[in-house]
Structures are given as structure tokens and as C-alpha cells.
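What follows is a short report on a single structure.
All figures in this text were calculated on a predicted structure; none of them were measured in a lab. The first residue in the sequence is number 1, and the count goes up from there.
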Amino acid sequence: QVQFVESGGGLVQPGGSLRLSCAASGIRFNIYTVAWYRQTPEKQRELVAVISSGLSTNYADSVKGRFTISRDNAKNTVYLQMNSLKPEDTAVYYCNLHPSVARYWGQGTQVTVSS
């Protein structure tokens, strides 16, 4: 059974940083492209950052230069380093394959950027 478990969220002031982690199980993690997504009550879930099995990365325009996605295949884990956080980054953050698979969504981790 495939499972993604996100962690590392929290409350941070504007301009601050957080590092999210996502541990995968039940899947040959190293062969897949994985991604971070985020969702707010007002918006549809959106793609934030993607990393391929070959370590190619892509980012949403809104986070380019501020967020960095990385992966550790030995730990079946994908990370999202978030710097210079803005209030508009407030959301629940999820990881999944890319393209996403509906049954693989986890609980996510809440990130709140507020003073």
C-alpha cells in the first residue's frame, strides 16, 4: 500500500523559513517523479515543485528563487526548503507523484505564514 506522510509544517513569520519532509512507502520511490502541491480553502490544489528521478526540478512561478525541492532516495524522502516565506504561501502542503495519483494523497502539513 502506497503512503506519503508529510511533516515539518508550522507557524512562521513573513520572511522566515521552513523545511518540509515527505516520507514515501510501498513504492519504488527512486524511479518516480515526485512533487509538492499546496491547497487553500479558496483555491484548487496547485503544483508547487517537481523533481524527477534524474534530479531535474521545476517550480511554480510564485515560488521560484525561494523554494528548493530535493530528494533522498536512500530514505524514500522528498524535501521542500521554503525561504522568504510570504503570507500567500499559507496552505496545506502535500506530496504525491507527478502526475498525481488520487488515492495517494496523504493528510498534508499545514504551513501558516503570519505575523
Side-chain angles (χ1 to χ4, degrees):
Q1 161 183 350
V2 177
Q3 193 173 20
F4 290 97
V5 179
E6 302 90 351
S7 62
L11 173 63
V12 62
Q13 292 188 340
S17 298
L18 281 175
R19 188 193 194 207
L20 306 183
S21 300
C22 173
S25 58
I27 194 170
R28 279 187 64 194
F29 180 79
N30 60 302
I31 69 172
Y32 288 100
T33 294
V34 291
W36 283 97
Y37 304 80
R38 65 186 181 187
Q39 187 170 25
T40 67
E42 298 79 23
K43 288 183 173 180
Q44 288 187 333
R45 194 170 286 164
E46 64 173 344
L47 180 66
V48 175
V50 182
I51 186 165
S52 72
S53 59
L55 304 183
S56 296
T57 58
N58 272 294
Y59 298 90
D61 287 344
S62 58
V63 307
K64 271 181 190 172
R66 301 188 297 121
F67 290 11
T68 302
I69 189 171
S70 61
R71 65 192 295 166
D72 184 338
N73 289 335
K75 295 182 179 180
N76 282 7
T77 299
V78 60
Y79 303 97
L80 187 68
Q81 177 67 43
M82 306 187 296
N83 298 328
S84 303
L85 282 161
K86 304 176 180 179
E88 51 263 43
D89 295 317
T90 296
V92 180
Y93 284 72
Y94 303 86
C95 62
N96 202 318
L97 302 183
H98 180 66
S100 62
V101 176
R103 64 186 182 273
Y104 293 171
W105 292 114
Q107 295 299 307
T109 187
Q110 175 71 48
V111 172
T112 302
V113 185
S114 175
S115 54

For the residue pair Tyr59 and Lys64, what are the closest heavy atoms and their distance?
O-CE, 3.4 Å
Could you see if Tyr93 belongs to whatever hydrophobic cluster contains Val101? Use Ile, Leu, Val, Met, Phe, Trp, Tyr and a side-chain cutoff under 4.5 Å.
yes
Would you say Glu88 has more than 12 foreign heavy atoms packed within less than 6.0 Å of its CD?
yes
Inter-residue atom distance Gln110.CD - Thr90.OG1, 0.5 Å rounding
7.0 Å
How close do Leu80 and Ala49 get, counting heavy atoms only, and between which atoms?
CD1-CB, 4.1 Å
In the structure I gave you, are the side-chain heavy atoms of Glu6 and Leu20 within less than 4.5 Å of one another anywhere?
no
Hey, does Ile27 have a side-chain heavy atom less than 4.5 Å from the side chain of Leu97?
yes
Does the Tyr79 side chain pair with the main chain of Thr68, one donor and one acceptor, at a distance under 3.5 Å?
no
So which atom in Ala91 and which in Thr40 form the shortest heavy-atom distance, rounded to 0.1 Å?
CB-CG2, 3.7 Å
Within a radius of less than 6.0 Å around OH of Tyr32, do more than 12 heavy atoms belonging to other residues, nucleotides or ligands occur?
no
To the nearest 0.5 Å, atom CG of Asn30 lies from atom CG of Asp72 at 11.0 Å
For the student: nearest non-hydrogen atoms of Ala23 and Thr77, plus distance
CA-OG1, 4.1 Å
Counting neighbours of CD on Gln107 that are heavy atoms of other residues, nucleotides or ligands and sit closer than 6.0 Å, is the number greater than 12?
no
Pair listing, salt bridge (charged side-chain N to carboxylate O under 4.0 Å, His left out) test, anchored in residues 89-114, at least two apart
Arg38-Asp89, Arg66-Asp89
Can Val34 be reached from Val2 by stepping across I, L, V, M, F, W or Y side chains whose heavy atoms are under 4.5 Å apart?
yes
First locate atom CZ of Phe29, then atom CZ of Phe4, and finally report the distance between them rounded to the nearest 0.5 Å.
7.0 Å
Kindly compute the distance separating CZ (Arg19) from CE (Met82), expressed to the nearest 0.5 Å.
11.5 Å
Walk me through it: do Asn73 and Arg71 pass the test side-chain hydrogen bond (donor to acceptor under 3.5 Å, both in side chains)?
CA-CA 6 Å; Asn73 289 335; Arg71 65 192 295 166; 2.9 Å; yes
What one should report as the nearest heavy-atom pair of Val78 and Ser70 is CG2-O, 3.1 Å
Straight-line distance of Tyr94 OH to Thr109 OG1, nearest 0.5 Å
10.0 Å
Just do the side-chain contact (heavy atoms from CB on, under 4.5 Å) check on Ile69 and Val50 with the steps written out, would you?
CA-CA 7 Å; Ile69 189 171; Val50 182; 5.6 Å; no
Using the ring of each side chain (for Trp, its six-membered ring), is Trp105 parallel, tilted or perpendicular to Tyr37, with breaks at 30° and 60°?
perpendicular
I need the minimum non-hydrogen distance between Pro14 and Ser114, along with the two atoms involved.
CD-C, 3.6 Å
Under a 3.5 Å distance rule, please check whether Ser52 uses its side chain to pair with a backbone N or O of Thr33 as donor and acceptor.
no
Less than 4.5 Å apart, side chain to side chain, heavy atoms only: is that true for Ser17 and Val12?
no
If you round to the nearest 0.5 Å, how far is OG of Ser84 from CZ of Phe67?
9.0 Å
Trp36, Tyr104: one ILVMFWY side-chain cluster at the under-4.5 Å cut-off?
yes
